[in-house]
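The structure appears below as structure tokens.
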Amino acid sequence: QLIHSFPTRRSSDLYALNESVTIENNIEIVSPYVSDVQYKELKSDFYSMKNIDDLNKLTTTLQSISEKHSIDLQEHPFS
């Protein structure tokens with residue numbers, strides 16, 4: 001007898017969730033090294049992503065900031 005029924009997630013859903021968590025964490029990691037305006041722009045870019053190109057652009061921006069300041073970013077912490 002089934003007592004509880006929980007929705008299952010597809011692996012692509014979990015990948016997207018992990019990617020989102022990673023990017024959001026990386027925005028916070030670089031935040032001390034950018035202006036308040038740039039931080040808000042990064043958050044805005046994150047929340048307004050519509051496709052893989054937006055994701056790649058934001059990832060590239062974060063990587064550039066991290067390289068400039070010798071910061072280690074997260075890479076899929078839950079994978």
Say you draw a straight line from CD1 of Ile29 to CD1 of Ile65; how long is it, rounded to the nearest 0.5 Å? 12.0 Å

Of all heavy-atom pairs between Tyr39 and Ser31, which one has the smallest distance, and what is that distance? CD1-CB, 3.5 Å

Is it true that the side chains of Tyr33 and Gln38 contain a donor and an acceptor less than 3.5 Å apart? no

Taking the side chain as C-beta and beyond, is there a heavy-atom pair between Asp45 and Thr61 under 4.5 Å? no

Find the distance between CG (Asp54) and CZ (Phe46) and round it off to the nearest 0.5 Å. 12.0 Å

Heavy atoms from other residues, nucleotides or ligands near CG of Asp36 exceed 12 (cutoff 6.0 Å): no

What about Ile23 and Tyr47, same hydrophobic cluster or not, with Ile/Leu/Val/Met/Phe/Trp/Tyr joined at side-chain heavy-atom distances under 4.5 Å? yes

Which heavy atom in Gln74 sits nearest to a heavy atom in Thr22, and how many Å separate them? O-CG2, 3.4 Å

Does atom NZ of Lys40 have more than 12 heavy-atom neighbours, drawn from other residues, nucleotides or ligands, at distances under 6.0 Å? no

Measure the OG1-CG distance between Thr60 and Leu55 for me, rounded to the nearest 0.5 Å. 9.0 Å

Output for pair (Ser44 OG, Met49 CE), nearest 0.5 Å, gives 11.0 Å

Enter the distance from Leu73:CG to Asn26:CG here, rounded to the nearest 0.5 Å. 4.0 Å

Could you grab the distance from atom CG of Leu58 to atom CG of Asp53, nearest 0.5 Å is fine? 12.5 Å

